[in-house]
Amino acid sequence: MIKDITLGQYYPGESVLHRADPRAKIALTFVYMVIVFIVNTFAGFLMTALFTLFAIAVAKIPLKYTLKGLKPILLIVVFATLINIFTIKGRPVFEYGAIRISYEGLELAAKTAFRLILWIMGTSLLTLTTTPILLTDGLEKLMRPLKAIGIPAYEIAMMMTIALRFIPTLLQETDKIIKAQSSRGADFDTGSLLQRAKSFIPVLIPLFVSAFRRADELATAMETRCYRGGEGRTRMKQLKFGPADLKVSAVTAVFFIILLYLQYS
Amino acid sequence: MSIVAENLSYTYMKGTPFEKEALKDINLKINTGEFVGLIGHTGSGKSTLVQHFNGLLKPTSGRVTVNGVDTRARSLKELRKQVGIVFQYPEHQLFEETVYDDIAFGLKRLGLDDAVVEERVRETAKVAGIPEDALEKSPFELSGGQKRRVAIAGVLAMNPEILVLDEPVAGLDPEGRDGILGFISKLHEKKGVTVILVSHSMEDIARFAERIVVMNKGMIEIDGRPAEVFNDVERLEQMGLSAPQITYFMKKLKKLIPETNNGIFLVSDAKKEIARLIEKKREALHDS
């Protein structure tokens, strides 16, 4: 059923990575993305892979979980690999009629695949170890300087927080409406594609009605508590740079330096 | 039409860190024609249990049979015609343009003749106390109590032999409560529909249920007649429940007048008992 969907894929835990400040994690994720982008040697790739596995182990997240995140990009990886193998020209390894596979093609294909997989596995650690609410908090803080060029950082973060907050609620609601409608005879599983699409009308209309009702209630509740936007607003949970952040940043920095040394020496 | 649950267990989101065991080894038999009250603290597993009765949820282990057939094996369409479930706040599921269409929703899915559908809709509307002229209105125009009646009528129109109601009168005014509970008990008495009523109101349960099943932490804690269940107030309170208010009143009365009878949980019975006590006192005064 719908309830079985893991949301924002947060995996609860107590590790250093879970405790680290979301701002630090967002920044380090950017650093990681840059690293994966500039890595070019096989030694470098091996090291990045080891670093990624190390980070996953530190976060105490089952490897199965991070691999699950790869599913949606599997097709892209396969596609990119095939294109690289068959189109890059160079020293031939295999030749049969019009099909030519070159050494350079194989190398590039392997690197691209590695890069994509590492990219997704590493960055998914951010959402796996940070609750959605903390993530938006961190984003807001990081976006704050952009206010100078007219980007409403606070409002964007608030909208994201509200949207994230209501995903589980609306999913539960959908689940409930589906159950209620099937209890009185609705059928969602049989019939042609068009019939099936149509059978969701009895779910969508009540869902919209309830979403509007909830939005209305929320607006009233915020109004009655004198909500007035971001200016001068304080927080109950202040983000602080702590020892966990220092550890995580230091380890990443050491790794980055070794990698740069390997790459350019 | 009986429902039998054997060693039924159910776990939400099995195999994830969010896994939660909602039902543990439930054994329960609900007989044809019974009016069962299902009570329990929030999160005790009542809703999860009733969703097994029409196959909305399938057991993680154990089995549920309706009329001798396993809910995993039989056709869901047939099962849902026999077991109707009315969820909490059922008016949130209304969506058609007119009240008539909303009540007819399930019937139309059954592929019945238009004439038959119309007859059943009008009949059900009458049973549920929906006035004839409301049928052409939009369900969104009605009052809260009326909406609730329309939503329940949508399930009743299917003529279920077993009717499960999850908090059918929550959030209604006294008139709406009495109206809805009234026609449900009439359905039970006149047509012999098996009713399973989930409620937090001990007064409603005491008034209508012939048998009470008490759930606690995913297990069945007590299963018995109202007099037996409500007599053990301490046990109910340990589970975050209570007895009807009148029971507390009568217990206090018993401390003052020891000859007061035990096991009173209806206001009407309490009235009789108090009248009896007064009469007795009067006779005693008279004799002396």
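The chains referred to below are lettered A, B, ... by the order of the sequence lines, with proteins before strands, and numbering in each begins at 1.
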- Are any of the side-chain heavy atoms of B/L56 and A/S182 separated by less than 4.5 Å? yes
- Query: With a 4.5 Å limit on heavy-atom distance, are the side chains of B/I85 and A/K179 in contact?
  - Reply: no
Would the number of heavy atoms belonging to other residues, nucleotides or ligands and lying under 6.0 Å from [atom1] of [X] be above 12?
| X | atom1 | result |
| --- | --- | --- |
| B/E119 | CD | no |
| A/Y227 | OH | yes |
| B/Y89 | OH | no |
| A/K60 | NZ | no |
| A/E14 | CD | no |
| B/K217 | NZ | no |
| A/F188 | CZ | yes |

- Note on the structure: Greatest number of non-hydrogen atom pairs under 4.5 angstrom with chain A, of B/K77, B/Q88, B/H92, falls to B/H92
Mind checking the [atom1]-[atom2] spacing from [X] to [Y]? Nearest 0.5 Å is all I need.
| X | Y | atom1 | atom2 | result |
| --- | --- | --- | --- | --- |
| A/R184 | B/D102 | CZ | CG | 4.5 Å |
| B/K81 | A/S183 | NZ | OG | 15.0 Å |
| A/D187 | B/R109 | CG | CZ | 9.0 Å |
| A/I177 | B/F95 | CD1 | CZ | 11.0 Å |

- Does any heavy atom of chain A fall under 4.5 Å from the side chain of B/E96, the backbone, both, or neither of them? neither
- Counting N and O atoms only, with roles assigned by atom type, does the side chain of A/Q181 sit under 3.5 Å from a partner on the main chain of B/Q93, one being a donor and the other an acceptor? yes
- Message: Between B/D166 and A/K176 (salt bridge meaning N to carboxylate O under 4.0 Å), is one present in this structure?
- Response: no
